[in-house]
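Here's the structure, in structure tokens; my notes come after.
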Amino acid sequence: MNVLLLNASPRPAGIVSQALDAAASTARQAGAETVKAELYRAPIAPCTGCMRCRATGVCPLPHDAAHELGEAIRRADLLVVGTPTYWSGMAARLKLLFERLVPVFMGESPRGIPQPRLKGRQAVVIAACTTPWPFNLLFRQSRGAVRSVREVLSTGGMRIRSVEIAGTKALDGHLPEAARRKIERLVGRALKTK
């Protein structure tokens, strides 16, 4: 069992990082092999919009971390994505990665109809935002980040579970115990159903 954790947070000891560490710990206890990718440290060139990846299935840009992460996503049985919320959406580095990995998530039929390439795989999306509950839901802050990541992953045919952590400004940099338990429960369930 392979678990890939994508950390889109620029803070190495922030709440998103702590949440991913909890997920990794749960996965290791279940006997899974885990890899954690820090996207803010990974050299990823922006997509040029050439569309050649649609025909070849591989991004034609020079080899960088996006190619390696694409292969890691293909191999992963469980993908855990952690992102802070920026303007009701995912972090820019995560979006940059997803733009480069279109052929990993979807192909096209000869008529141009999208076809998922990761059917049956599972994902857990963790989003954190400074807006306190219930305003994070009313103003679609963390919900917007989850929705944007879910859109990409569901295009690939993945089954998705999510955790929203609200009001991080008041948490003094500590992951709430309730969020930790929920993450552990969701990752544990995902590994059992594999």
Side-chain angles (χ1 to χ4, degrees), residues 2-11 14 16-17 19-20 23-24 34-109 112-129 140-165 186-187 190:
N2 291 323
V3 177
L4 175 63
L5 302 108
L6 297 179
N7 185 4
S9 173
R11 298 178 185 212
V16 171
S17 298
L20 289 172
T34 63
V35 174
K36 185 177 179 185
E38 302 286 345
L39 298 185
Y40 270 83
R41 292 194 181 107
I44 301 171
C47 177
T48 60
C50 70
M51 301 294 281
R52 281 185 276 167
C53 66
R54 305 297 171 94
T56 63
V58 178
C59 178
L61 291 176
H63 188 82
D64 64 6
H67 291 91
E68 294 168 16
L69 289 170
E71 284 307 310
I73 290 171
R74 282 186 178 108
R75 286 191 308 270
D77 298 302
L78 173 63
L79 178 64
V80 183
V81 180
T83 181
T85 302
Y86 296 129
W87 298 102
S88 301
M90 69 177 99
R93 294 293 291 185
L94 185 58
K95 186 170 185 338
L96 178 69
L97 176 68
F98 285 159
E99 287 173 355
R100 286 282 306 280
L101 298 182
V102 170
V104 171
F105 292 99
M106 64 170 247
E108 291 180 347
S109 72
I113 298 170
Q115 296 176 325
R117 290 193 167 158
L118 300 173
K119 266 190 175 175
R121 309 281 177 87
Q122 297 191 64
V124 175
V125 178
I126 302 166
C129 73
R140 297 183 178 170
Q141 292 296 306
S142 57
R143 180 76 33 98
V146 168
R147 191 172 49 246
S148 61
V149 175
R150 182 183 291 268
E151 180 67 28
V152 173
L153 302 181
S154 63
T155 301
M158 301 181 92
R159 290 178 292 175
I160 305 152
R161 297 173 168 100
S162 63
V163 178
E164 296 176 39
I165 305 167
L186 291 180
V187 170

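- With sequence neighbours excluded, no residue satisfies side chain to side chain donor-acceptor pair (under 3.5 Å) with Thr155.
- Heavy atoms only, all atoms of each residue included: Thr83 and Ala145 are closest at CG2-CB, 4.4 Å.
- Listed here is the closest heavy atom pair of Arg75 and Asn2: O-ND2, 3.5 Å.
- Every residue two or more places apart in sequence or in another chain that forms a side chain to side chain contact (heavy atoms under 4.5 Å, CB included) with Ala76 is listed here: Leu4.
- Listed by chain and number, the residues in a salt bridge (charged side-chain N to carboxylate O under 4.0 Å, His left out) with Arg54 are Glu108 (sequence neighbours excluded).
- Residues Gly120 and Arg159 share a closest heavy-atom pair of O-NH2, 3.2 Å.
- By the side chain to side chain donor-acceptor pair (under 3.5 Å) test, Arg74 is found to be paired with Glu71, residues two or more places apart in sequence or in another chain being considered.
- The CG atom of Leu69 sits 7.0 Å away from the CG atom of Leu101 when rounded to the nearest 0.5 Å.
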Output side-chain donor-acceptor pairs under 3.5 Å for residues 37-47, partner residues at least two apart or in another chain, one line each.
residue : atom : partner : partner atom : Å
Glu38   : OE1  : Asn7    : ND2          : 2.8

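- The two residues Pro84 and Val16 come nearest to each other via the heavy atoms N-CG2, 3.9 Å.
- A search for side chain to side chain contact (heavy atoms under 4.5 Å, CB included) contacts involving Thr56 returns Val58, not counting sequence neighbours.
- For Glu99, the side chain to side chain donor-acceptor pair (under 3.5 Å) partners are Lys95, not counting sequence neighbours.
- Partners of Gln115 according to the side chain to side chain contact (heavy atoms under 4.5 Å, CB included) rule, which considers only residues two or more places apart in sequence or in another chain, are Ser109.
- Summarising the geometry, atom CE belonging to Met158 is positioned 7.5 Å from atom CD1 belonging to Ile73; distances are rounded to the nearest 0.5 Å.
- The structure places CG of Leu5 at 8.0 Å from CD1 of Ile126, a figure rounded to the nearest 0.5 Å.
- Leu79 CG to Gln122 CD: the interatomic distance, rounded to the nearest 0.5 Å, is 11.0 Å.
- Between the side chain of Thr85 and the backbone N or O of Ala127, no donor-acceptor pair lies under 3.5 Å.
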Hey, mind stepping through Asp64 and Arg100 against side chain to side chain contact (heavy atoms under 4.5 Å, CB included) and telling me if it holds? CA-CA 11 Å; Asp64 64 6; Arg100 286 282 306 280; 2.9 Å; yes
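- Looking at residues two or more places apart in sequence or on another chain, you find a side chain to side chain contact (heavy atoms under 4.5 Å, CB included) between Ser154 and Ile160.
- Shown here are the side chain to side chain donor-acceptor pair (under 3.5 Å) partners of Glu68, two or more places apart in sequence or in another chain: His63.
- Counting heavy atoms from C-beta outward, Arg117 and Pro103 have side chains that approach closer than 4.5 Å.
- For His67 against Pro62, the heavy-atom pair with the smallest separation is CE1-O, 3.5 Å.
- Between the SG atom of Cys53 and the CG atom of Leu61 there is a distance of 9.0 Å, given to the nearest 0.5 Å.
- Ser9 OG to Leu94 CG: the interatomic distance, rounded to the nearest 0.5 Å, is 11.5 Å.
- Listed here is the closest heavy atom pair of Phe105 and Leu118: CD2-CD1, 3.5 Å.
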